[in-house]
Amino acid sequence: MKKILFLIFAFISLLSAAVNINTASKEELQTLKGIGETKAEAILEYRKDQNFTSIEDIKKVKGIGEKTFEEIKDSISVE
């Protein structure tokens with residue numbers, strides 16, 4: 001069942017606008033290239049203390065560097 005939900009979220013994300021990193025669920029974050037369960041959880045943990053004010057802020061999350069940012073920057077937003 002989890003795999004089906006993940007595939008649905010992945011498909012919807014491909015069809016819809018960028019993933020809002022301030023509100024996205026773990027599953028939605030995992031649809032981003034290079035973001036697996038561990039990095040998605042790190043994003044959620046970072047978000048507990050503060051919101052992202054720009055997409056570049058995601059590089060402050062442990063495990064997300066310039067390479068990952070370059071892969072996802074066109075797929076994320078901050079609202």
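Here the structure is a predicted model, which is why all the values come from computation and not from measurement. Numbers here simply count residues along the sequence, with the first being 1.
In terms of heavy atoms, I55 sits closest to S77 at CG2-CA, 3.9 Å. When all heavy atoms of E28 and S25 are compared, the pair lying nearest together is OE1-N, 2.7 Å.
Rounded to the nearest 0.5 Å, atoms CZ (F52) and OG1 (T23) are 11.0 Å apart. Atom OG1 of T68 is separated from atom CD1 of I58 by 9.0 Å, given to the nearest 0.5 angstrom. If you take NZ on K59 and CD on E70, they are separated by 7.5 Å, rounding to the nearest 0.5 Å.
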Solution key, residues 34-47 side-chain donor-acceptor pairs under 3.5 Å, sequence neighbours excluded:
unit_1 : atom_1 : unit_2 : atom_2 : d
E37    : OE2    : K26    : NZ     : 3.2
K39    : NZ     : G63    : O      : 3.3
E41    : OE2    : K26    : NZ     : 3.0
E45    : OE1    : K48    : NZ     : 3.3
Y46    : OH     : Q50    : NE2    : 2.8
R47    : NE     : N22    : O      : 3.3
R47    : NH1    : I21    : O      : 3.0
R47    : NH1    : A24    : O      : 2.9
R47    : NH2    : A24    : O      : 3.0

Worked check of side chain to side chain contact (heavy atoms under 4.5 Å, CB included) between V19 and T31: CA-CA 9 Å; V19 173; T31 65; 4.2 Å; yes
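Under the side-chain hydrogen bond (donor to acceptor under 3.5 Å, both in side chains) criterion, E56 pairs with S54, sequence neighbours left out.
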